[in-house]
Peer 1: 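A single structure is presented below for examination.
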Amino acid sequence: MIETIGKSKDNKIMNLLAEVTGGMSYKAHKYALDHLERPSVDYGPSEIVWKRRAETTPHRTYIDLSERCKTLAGQDDQILSYFLDGSRRIFKVDDMAYTHSGGRGVIYPVVAGQIGIGCCRRIDKRVVPARFKREFVLSMPDVADADGKSGFWPATVKKLNECAELKRLGIDFSTILPYKTSKNDDKKYEDRATASIQDRMIEREKELVAELVREGMLNQDNYLVKDGSLEYRPTKEDKSDKRKYQTFKNNYNWVIGASKNFNPEVCMDVYGKPNPKFIADLPLYHRTPVAEYENDMLGDIKFAVWYIRLRDKNQTRTPFDGILKVEKILVTEEENEHGIESELVDTVSAYLINERNPVCYGSDLRWANHIYPIHLTESFVKSRYLSTESFLHLF
């Protein structure tokens, strides 16, 4: 969706950025780069492939959880206590020209974003807001730092935040994320800028998980359900220190990833062959066997993944509506060797199925794949954003 907005009177932020970086601002059309939220199936390529079973019972077909769901629904016990969602709103806010060798000028997009990370907690059967972190960021071409000086970008952010308009509004930009402009990358500049802001959001998510772990909030009786995949790429800093790297993995001992969108084409069945129909035909309130996969890009971290059906396929529009992809990082030696306890997988899956009601039908096009506490957490995060019009008027 394209959102148009009028230009502010003097475009102070862009004028200041042009002055500091030696560029020329075109005061270009501003518009949102985010896509509409709707159910989708990613049929694109992926480097992730199921490798082998990753649970203690070697199931070969679907597991019926109907009775377990009813039993748990009749009890007061609950182990899904925290729900985390990270999101971002990204806008192209200008075009900026920089002079290259030979006097030729190249025009690059300047992208700005709001990042929000929120966590809700279940207390006395109610889901209430627990944590929220928001930051404003910019992404600019790396050529804006022509001399490659150390500390250039932090100094630019500091100068930007001294702008009277930002001080009046009480707004600070936390960082400027340079995106690469080298030609050995097929991505569009806008996509490179978007990726840099997405990476920043993921780092903020990891920090919030680590914060909850440090404070002792997560344990076997209090799991965190994170919206989306747990495929967090460890940083060089994470890997450089063995103890720190193990801490990074241990942080996810009590964390479950729940994805509404996934690529079924890369999923192999227990016979080792691609079989997305095995997932599409998953009966209501059943789960698949648990599979293990690795991804070279994610280091030596192993993942357990399985699928559960929340909604009857006769009431949805696509074969994969109503199916949730669930992930857990294999942390302990026992989990890495023998997989997750099947009893635990059944229990977590049944709890997740019971979270499907009350449905958010009508208020979210992805309703069939939502669990309600995640829908509430997403709504909480989005409610804390600066409005699109107010944000774009900063530029």
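None of these values were measured; they are calculated from a predicted model.
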Peer 1: Would you call Arg287-Asp346 a salt bridge at under 4.0 Å N-O?
Peer 2: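 Yes.
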Peer 1: Please round to the nearest 0.5 Å and tell me the distance separating atom OH of Tyr223 and atom CG of Leu80.
Peer 2: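 Taking OH in Tyr223 and CG in Leu80, the distance rounds to 9.0 Å.
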Peer 1: Could you check Glu337 against Lys302 for salt bridge (Lys or Arg N to Asp or Glu O under 4.0 Å), going step by step and ending with a plain yes or no?
Peer 2: CA-CA 11 Å; Glu337 187 169 350; Lys302 296 178 181 177; over 6 Å; no
Peer 1: Looking at Glu203 and Arg200, is any side-chain nitrogen of the basic one under 4.0 Å from a carboxylate oxygen of the acidic one?
Peer 2: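 Here Arg200 does not pair with Glu203 in a salt bridge, since their nearest N and O are not under 4.0 Å apart.
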Peer 1: For the pair Tyr189 and Tyr179, name the ring-plane relationship: parallel under 30°, tilted 30 to 60°, perpendicular over 60°.
Peer 2: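 Ring orientation, 0 to 90° scale: tilted.
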Peer 1: State whether Lys133 and Glu135 are salt-bridged, where the test is any N-O pair (Lys NZ or Arg NE/NH1/NH2 against Asp/Glu carboxylate O) under 4.0 Å.
Peer 2: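 Judged by the 4.0 Å cut-off on N to carboxylate O distance, Lys133 and Glu135 do not form a salt bridge.
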Peer 1: Are the charged groups of Asp227 and Lys260 less than 4.0 angstrom apart, N to O?
Peer 2: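 Salt bridge: yes.
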Peer 1: Is Arg366 salt-bridged to Asp364, going by a charged N under 4.0 Å from an acidic O?
Peer 2: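 Yes, Arg366 and Asp364 are salt-bridged.
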Peer 1: Do Phe91 and Phe391 pass the ring pair (Phe, Tyr, Trp, His ring centres under 6.0 Å) test, and can you show the C-alpha distance, the side-chain angles, and the key distance before you say yes or no?
Peer 2: CA-CA 9 Å; Phe91 306 88; Phe391 185 66; 5.6 Å; yes
Peer 1: With a 4.0 Å cut-off on N to O distance, would you call Arg53 and Glu292 a salt bridge?
Peer 2: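 Not counted as a salt bridge, because no side-chain N and carboxylate O are separated by less than 4.0 Å.
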Peer 1: Evaluate side chain to side chain donor-acceptor pair (under 3.5 Å) for Ser87 paired with Tyr385, printing each intermediate quantity in order.
Peer 2: CA-CA 10 Å; Ser87 67; Tyr385 279 130; 2.7 Å; yes
Peer 1: Just by distance, with hydrogens left out, do Arg131 and Tyr82 show a side-chain donor and acceptor under 3.5 Å apart?
Peer 2: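 No.
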Peer 1: Is the shortest side-chain N to carboxylate O distance from Glu162 to Lys167 below 4.0 Å?
Peer 2: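 Here Glu162 does not pair with Lys167 in a salt bridge, since their nearest N and O are not under 4.0 Å apart.
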Peer 1: What is the ring orientation for Tyr108 with His100, classed by angle as parallel under 30°, tilted 30 to 60°, or perpendicular over 60°?
Peer 2: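 Judged by the thresholds at 30° and 60°, the geometry between Tyr108 and His100 is tilted.
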Peer 1: Salt bridge or not between Asp312 and Arg309? Use side-chain N to carboxylate O under 4.0 Å.
Peer 2: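 No, Asp312 and Arg309 are not salt-bridged.
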Peer 1: Can you confirm whether or not the ring centre of His393 sits under 6.0 Å from the ring centre of Phe395?
Peer 2: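 For His393 and Phe395, the ring centres are not under 6.0 Å apart.
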Peer 1: Cut-off 3.5 Å, side chains only: do Trp153 and Thr175 have a donor facing an acceptor?
Peer 2: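 There is no such pair (donor and acceptor under 3.5 Å, judged by atom type) between the side chains of Trp153 and Thr175.
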Peer 1: Any Lys/Arg nitrogen of Glu335 or Lys328 sitting under 4.0 Å from an Asp/Glu carboxylate oxygen of the other?
Peer 2: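 A salt bridge links Glu335 with Lys328.
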Peer 1: Heavy atoms, side chains only, cut-off 4.5 Å: are Phe83 and Cys119 in contact?
Peer 2: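 SC-SC contact between Phe83 and Cys119 ruled out.
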Peer 1: A quick test of your reading: do over 12 heavy atoms of other residues, nucleotides or ligands sit less than 6.0 Å from CD of Gln75?
Peer 2: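 Yes, because the 6.0 Å sphere around CD of Gln75 holds more than 12 heavy atoms from other groups.
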